[in-house]
2 protein chains.
Amino acid sequence: MTKNSTPTMNDVARVAGVSSMTVSRAFKANSSVSETTRQRILDAADQLGYVLDSTAAGLSTRKTGFVAVIIPSINNANFALTISALNEHLSNSGLQVLLGYSDYDMEEEERIVKAFLRRRPEAIVVTGGVHTESCRRYLAASGVPVIETWDLPASPINHAVGFSNARAGRIMARHLVGQGYKKIGFIGGNVERDRRGADRRHGFEEEVRAQGLSTERFWESNEAIITMEAGRNAMSGLLEKFPDTEAVMCASDVSAFGAMMACHRAGLRVPEDIAIAGFGAYDISANCFPEITSIDVGAYDIGVETAKLILMELAGDSRKLANNSTATDNSRCIEMPITLLPRLSTGE
Amino acid sequence: MTKNSTPTMNDVARVAGVSSMTVSRAFKANSSVSETTRQRILDAADQLGYVLDSTAAGLSTRKTGFVAVIIPSINNANFALTISALNEHLSNSGLQVLLGYSDYDMEEEERIVKAFLRRRPEAIVVTGGVHTESCRRYLAASGVPVIETWDLPASPINHAVGFSNARAGRIMARHLVGQGYKKIGFIGGNVERDRRGADRRHGFEEEVRAQGLSTERFWESNEAIITMEAGRNAMSGLLEKFPDTEAVMCASDVSAFGAMMACHRAGLRVPEDIAIAGFGAYDISANCFPEITSIDVGAYDIGVETAKLILMELAGDSRKLANNSTATDNSRCIEMPITLLPRLSTGE
DNA sequence: TTGAAAGCGCTACCAC
DNA sequence: GTGGTAGCGCTTTCAA
């Protein structure tokens, strides 16, 4: 009658004829175990099919090796890039990303944060700088580094790695005006759900106004316009109401592509009849025809910088001393560069 | 001098004036604690900012609440759908998806499996039915349900929820032939890296051959053709070599879109001059113009069925008795339906 | 309904 | 280089 549960270090120790402590060491790099006994232990482990239990290890070391990361959507090439960078730069240090997605819903974000806190992550990465009040409190009280990404919050919880979405909007507006367009519209970003899209819209609007142009072609909607279909429908509606529209920025390349398809279906040529711009430097904006003018926010680099920040924080455990008030003292706010990509769709 | 670490159940117990055991009960639904003491405990917990430590809880209950899931790419709308379904259907039961992606690399998959096993997941979901020999062994010996998805392996490790990629290829080939096309090509799926794409190619090739048609227009490449750019380049190459090509299937909608853009750039009309088909029912194939004929594999439903299977398995803990040989007895293999979506790009 | 004791599997710490 | 002891924070089990 064999034991029906997974073998433990004690089992390995028994088979290898050593103490469990030595087994523990054998599984750790740079630990003082003679090469012969280590080999004997590894053989025994192999024979038993032993796998280290990092749950138990974490309880003892008080390090779970988790980094909690929350993004708005799991189906988004840009957030995927940030996640890739985090994974690549954290896994070397034995850190495992615990991934959650909020579906652009702050209540859901709060729920995920609460669930993740039970897993005792060593750092928490969230997207954006706007959260429920309760969520902010949980994050601030977590006792671990918190990094807000993809935005530059006015008052960050702790660290931030991002860019100004409003500035992105302004840059694109300036570009369109520079190309000579006057009757300019905007699609997306007018609902709470897509905060960062809304910031881009606001920046865009600000600049359009500053240029003395009308904002009547800014599309109003009750729903977030973040899919191709939504972009297509919005563009159809906009064209119906304002057939003389000369240029439109969409809150994302994805909706911009949908918008461009609506133009094509309507028999309009891009950019001869109408110019279209997007945001996010998605694959599609670079590969469709005509290519869509966009803004690259360096999604991968956001992940890289965030990972660096985390590794730095975890290296120096000093700040654990000050239980509160970590934020104001040694919190960092990193502004990432963004790049306008002028392309055919706006007449380049 | 306050304690500088996170509060524990004992801290809460002390403040609430009960034993830690009662605190434990207070945090569990359906446990026998008087309403008054429960409230007192929750207040104390709130005051201290206490959060349950599920690492420690898991050590005691021997249930981590993790379900390990490995997909090839985190930047893929279809795998994202499967993940969404898993998340939605597992989180109600308190299960947390532990997500990893292999980048279409079996060695990397093996590495992730090994890392995940240390977290003691209660079930493991992998994509595809081909793994390194070592990886198969680890999965089989894990002692928890293993579900291979997106494929129907000849000899599954344990369970499987998927479809026949070869059949998908055959279906599309038959459709193109039915539309009257004779000079038919295929782009993608000719490298080991994209196993399921390769299966589709083989099925497609089989059917094209069976129809007595040539397969000389099957594009050869050293790399996986899974991006828009790769699809575009492949199509350019194909058109150069065989300008008379009448129809092409791509291993994915993503590359199909790239291929279509190559046609547009070359001044070819789709489908008048050349027909294009894809695979996967991605957003882009439905929203581009012309729409691209595709095959819907029900990515979300794969996740739903997989989640159901996991919940069933975890409900009946019986099979833990038989330590090996779980597989052959009560393993299930679920074939999911796939749907051809005939669209404009192939002359519908 | 509540509490005390034991232990989950591992590692920190201190001996040798 | 190796082993013993204690304990991480929780839950199971048994008793009251």
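Not measured: the values here are computed from a predicted model. Lettering of chains follows the sequences in order, A, B, ..., and the numbering in each one begins at 1.
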By salt bridge (charged side-chain N to carboxylate O under 4.0 Å, His left out) - contacts of A:R195 (at least two apart): A:E192, A:D199
Mind checking what makes salt bridge (charged side-chain N to carboxylate O under 4.0 Å, His left out) contact with A:E122, not counting sequence neighbours? none
Output all residues satisfying ring-ring contact (aromatic ring centres under 6.0 Å, His included) with B:F79, sequence neighbours left out; order by chain, then residue number. B:W150
Report the residues that fulfil ring-ring contact (aromatic ring centres under 6.0 Å, His included) with B:F116, sequence neighbours left out, ordered by chain and then residue number. none
Boundaries of the chain B footprint along DNA chain C (any atom under 4.0 Å from a heavy atom): C:dT1 to C:dG9
side-chain contact (heavy atoms from CB on, under 4.5 Å) partners for B:T55, two or more places apart: A:T55, A:T64, B:D53
As a check of understanding: the bend across the helix from C:dT1-D:dA16 to C:dC16-D:dG1, end axes from five pairs, rounded to 10 degrees, works out to 30°
With distance as the sole criterion, is a donor-acceptor pair present between the side chains of B:E109 and B:H131 under 3.5 Å? yes
Does any donor atom in the side chain of B:S134 or B:T132 lie under 3.5 Å from an acceptor atom in the other side chain? no
Tabulate below the donor-acceptor pairs under 3.5 Å that side-chain atoms of residues 300-307 of chain A make, not counting sequence neighbours, or state none.
{"residue": "A:Y300", "atom": "OH", "partner": "A:E88", "partner atom": "OE1", "Å": "2.3"}
{"residue": "A:E305", "atom": "OE2", "partner": "A:K308", "partner atom": "NZ", "Å": "3.3"}
{"residue": "A:T306", "atom": "OG1", "partner": "A:I302", "partner atom": "O", "Å": "2.6"}

If each of B:S31 and B:R120 is mapped to the nucleotide of DNA chain C with the nearest heavy atom, which maps nearer the 5' terminus, i.e. the 5' end? B:S31
Rounded to the nearest angstrom, tell me the gap between atom [atom1] in [X] and atom [atom2] in [N].
X	N	atom1	atom2	value
A:K28	D:dT2	NZ	P	17 Å
B:R62	D:dG9	CZ	C1'	16 Å
B:L59	D:dT11	CG	C1'	10 Å
A:R14	D:dG3	CZ	P	14 Å

Only one of B:I83, B:T82, B:T127, B:T149 passes side chain to side chain contact (heavy atoms under 4.5 Å, CB included) with B:V69, and that residue is B:I83
Let me know which of B:I157, B:I147, B:L117, B:N158 forms a side chain to side chain contact (heavy atoms under 4.5 Å, CB included) with B:I124. B:L117
Enumerate the residue pairs fulfilling ring pair (Phe, Tyr, Trp, His ring centres under 6.0 Å) with a member in residues 84-112 of chain A, sequence neighbours excluded, ordered by first and then second residue. none
In short, ring pair (Phe, Tyr, Trp, His ring centres under 6.0 Å) pairs touching residues 23-53 of chain B with sequence neighbours left out are B:F27-B:Y50
State the CG-CD1 distance between B:L86 and B:I310, to the nearest 0.5 angstrom. 6.0 Å
Looking at residues 32-53 of chain A, who's got a heavy atom less than 4.0 Å off DNA chain C? A:Y50, A:D53
Ignoring backbone atoms, establish whether B:S24 has a side-chain N or O less than 4.0 Å from OP1 or OP2 of D:dC10. no
Polar atom pairs between nucleotides 13-16 of chain D and protein, under 3.5 Å, N or O only, would you list them?
none

